[in-house]
Amino acid sequence: MDTDGFTTCLWFDGQAEEAARFYVSVFGNSKLGEVVRNTGATPGEASSVLTVEFTANGQKFVALNGGPEFTFNEAISFQLDCDDQAEIDHYWEKLVEGGGEHGPCGWLKDRYGVSWQVNAKRLTQMIGDPDREKADRALKSMMTMGKLDLAELEKAYAGGA
């Protein structure tokens, strides 16, 4: 077994290469890998893209053109732990380009239907605070947001919201 972690396989309906290129463009430490084409031994057009290996933000993926049978839903999401508001703002907009949609509490869906949580490392610290009043204020503030606003979260956490 490969000891370098897991490879996540993402199922697409004809958009595997496009999606892989998109994710590689969004994140640093990313690159495209091997593209495997259909030989005719599997359903789909001969020579069409079957799989694309790629790395996004250091994580290994395979994009598979599996057909329309399965689609993404919120039961699986990718969480981005951002260092600051600029990073939150970047991913919040970049990941919805081309047809995605923003959601509540830092969640969004990209144009392929993949769910993302654009989180703040600082928020994780706040809600883990043993002072439950401070942690609860931060959580309650987060529940009112679409895109996370670190300044507002800090204000609520400190007791000023």
Side-chain angles (χ1 to χ4, degrees), residues 2 4-124 126-127 138-153:
D2 187 351
D4 290 334
F6 295 98
T7 299
T8 302
C9 182
L10 301 174
W11 181 294
F12 296 92
D13 183 15
Q15 306 141 317
E17 186 172 19
E18 174 188 320
R21 289 184 185 283
F22 174 69
Y23 297 132
V24 166
S25 77
V26 170
F27 298 102
N29 193 19
S30 301
K31 66 180 180 179
L32 287 175
E34 182 179 7
V35 176
V36 174
R37 298 198 171 273
N38 189 341
T39 63
T42 60
E45 192 176 314
S47 80
S48 63
V49 172
L50 182 62
T51 62
V52 179
E53 293 178 354
F54 68 100
T55 302
N57 200 31
Q59 300 293 314
K60 298 181 300 184
F61 292 89
V62 171
L64 166 70
N65 278 327
E69 292 83 6
F70 301 109
T71 57
F72 297 108
N73 67 50
E74 293 82 358
I76 299 289
S77 63
F78 294 102
Q79 184 172 327
L80 301 174
D81 290 318
C82 300
D83 289 323
D84 55 32
Q85 190 66 49
E87 197 173 17
I88 291 168
D89 295 346
H90 169 77
Y91 290 120
W92 185 252
E93 293 309 321
K94 190 71 175 166
L95 284 165
V96 298
E97 282 181 1
E101 59 187 50
H102 294 124
C105 305
W107 284 65
L108 59 84
K109 282 189 180 182
D110 67 27
R111 66 178 108 169
Y112 306 103
V114 175
S115 293
W116 297 85
Q117 298 176 55
V118 182
N119 187 37
K121 289 179 185 176
R122 179 67 182 123
L123 175 60
T124 301
M126 286 186 244
I127 64 177
L139 274 170
K140 286 178 183 175
S141 180
M142 185 233 10
M143 295 297 291
T144 68
M145 297 177 181
K147 177 177 70 174
L148 299 185
D149 181 328
L150 275 176
E152 285 300 312
L153 290 166

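We use all heavy atoms of the structure for the numbers below, so side chains are in, but hydrogens, waters and symmetry mates are not. Sequential numbering from 1 along the given sequence is applied to the chain's residues. Nothing here was measured: the structure is a model prediction, and the numbers come from that model.
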Subject >> Phe12/Tyr112 aromatic ring centres below 6.0 Å >> reply: yes
**OP:** Answer yes or no: is there a side-chain heavy-atom contact under 4.5 Å between Met126 and Leu153?
**Re:** yes
Subject >> Side-chain heavy-atom pair Leu95, Phe27 within 4.5 angstrom cut-off >> reply: yes
**OP:** List the steps, then state whether side-chain contact (heavy atoms from CB on, under 4.5 Å) holds for Tyr91 with Trp116.
**Re:** CA-CA 9 Å; Tyr91 290 120; Trp116 297 85; over 6 Å; no
Subject >> Residue pair Asp110, Val26: steps toward the side-chain contact (heavy atoms from CB on, under 4.5 Å) verdict >> reply: CA-CA 11 Å; Asp110 67 27; Val26 170; over 6 Å; no
Original post:
When you measure from the side chain of Asn119 to the backbone N and O of Gln79, does any donor-acceptor pair fall under 3.5 Å?
Top reply: no
Original post:
Does the Asp81 side chain pair with the main chain of Lys121, one donor and one acceptor, at a distance under 3.5 Å?
Top reply: no
**OP:** For the pair Gln85 (side chain) and Leu148 (backbone), establish whether a donor and an acceptor sit closer than 3.5 Å, ignoring hydrogens and angles.
**Re:** yes
**OP:** Specify the closest pair of heavy atoms between Val52 and Glu17, including all atoms of both residues, with the distance to one decimal.
**Re:** CG2-CA, 3.7 Å
**OP:** Begin with the C-alpha distance, continue with both residues' side-chain angles, and end with the deciding distance and a verdict on salt bridge (Lys or Arg N to Asp or Glu O under 4.0 Å) for Arg21 and Glu18.
**Re:** CA-CA 5 Å; Arg21 289 184 185 283; Glu18 174 188 320; over 6 Å; no
Original post:
With distance as the sole criterion, is a donor-acceptor pair present between the side chains of Asp13 and Gln15 under 3.5 Å?
Top reply: no
**OP:** Can you see which heavy atom on Trp92 is nearest to which on Gly103, and at what distance?
**Re:** CH2-O, 3.4 Å
Original post:
Is there a donor-acceptor contact under 3.5 Å from the side chain of Arg111 to the main chain of Gly99?
Top reply: no
Original post:
Given the rule in the side-chain contact (heavy atoms from CB on, under 4.5 Å) test, do Ile88 and Lys147 qualify, once you have shown the distances and angles that lead to the verdict?
Top reply: CA-CA 8 Å; Ile88 291 168; Lys147 177 177 70 174; 3.8 Å; yes
**OP:** With the side chain counted from C-beta on, respond yes when His102 and Val96 share a heavy-atom pair under 4.5 Å apart, and no when they do not.
**Re:** yes
**OP:** Keeping the roles fixed (side chain from Ser30, backbone from Asn57), state whether a donor-acceptor pair exists under 3.5 Å.
**Re:** yes
**OP:** Under the side-chain contact (heavy atoms from CB on, under 4.5 Å) rule, what do Lys109 and Phe72 come out as? Steps first, then yes or no, please.
**Re:** CA-CA 10 Å; Lys109 282 189 180 182; Phe72 297 108; over 6 Å; no
Subject >> Aromatic ring proximity Phe78/Phe61, centre distance under 6.0 Å >> reply: yes
**OP:** Measure the spacing between SG of Cys82 and CG of Leu123 and express it to the nearest 0.5 Å.
**Re:** 11.0 Å
Subject >> Exercise: do Glu152 and Ser141 side chains pair donor with acceptor under 3.5 Å >> reply: no
Original post:
If only atom types and distance count, is the side chain of Trp11 paired as donor or acceptor with the main-chain N or O of Gly67 below 3.5 Å?
Top reply: yes
Original post:
With a 4.5 Å limit on heavy-atom distance, are the side chains of Val49 and Arg37 in contact?
Top reply: yes
Subject >> Main-chain N/O of Ala86 paired to Asp84 side chain as donor or acceptor, under 3.5 Å >> reply: yes
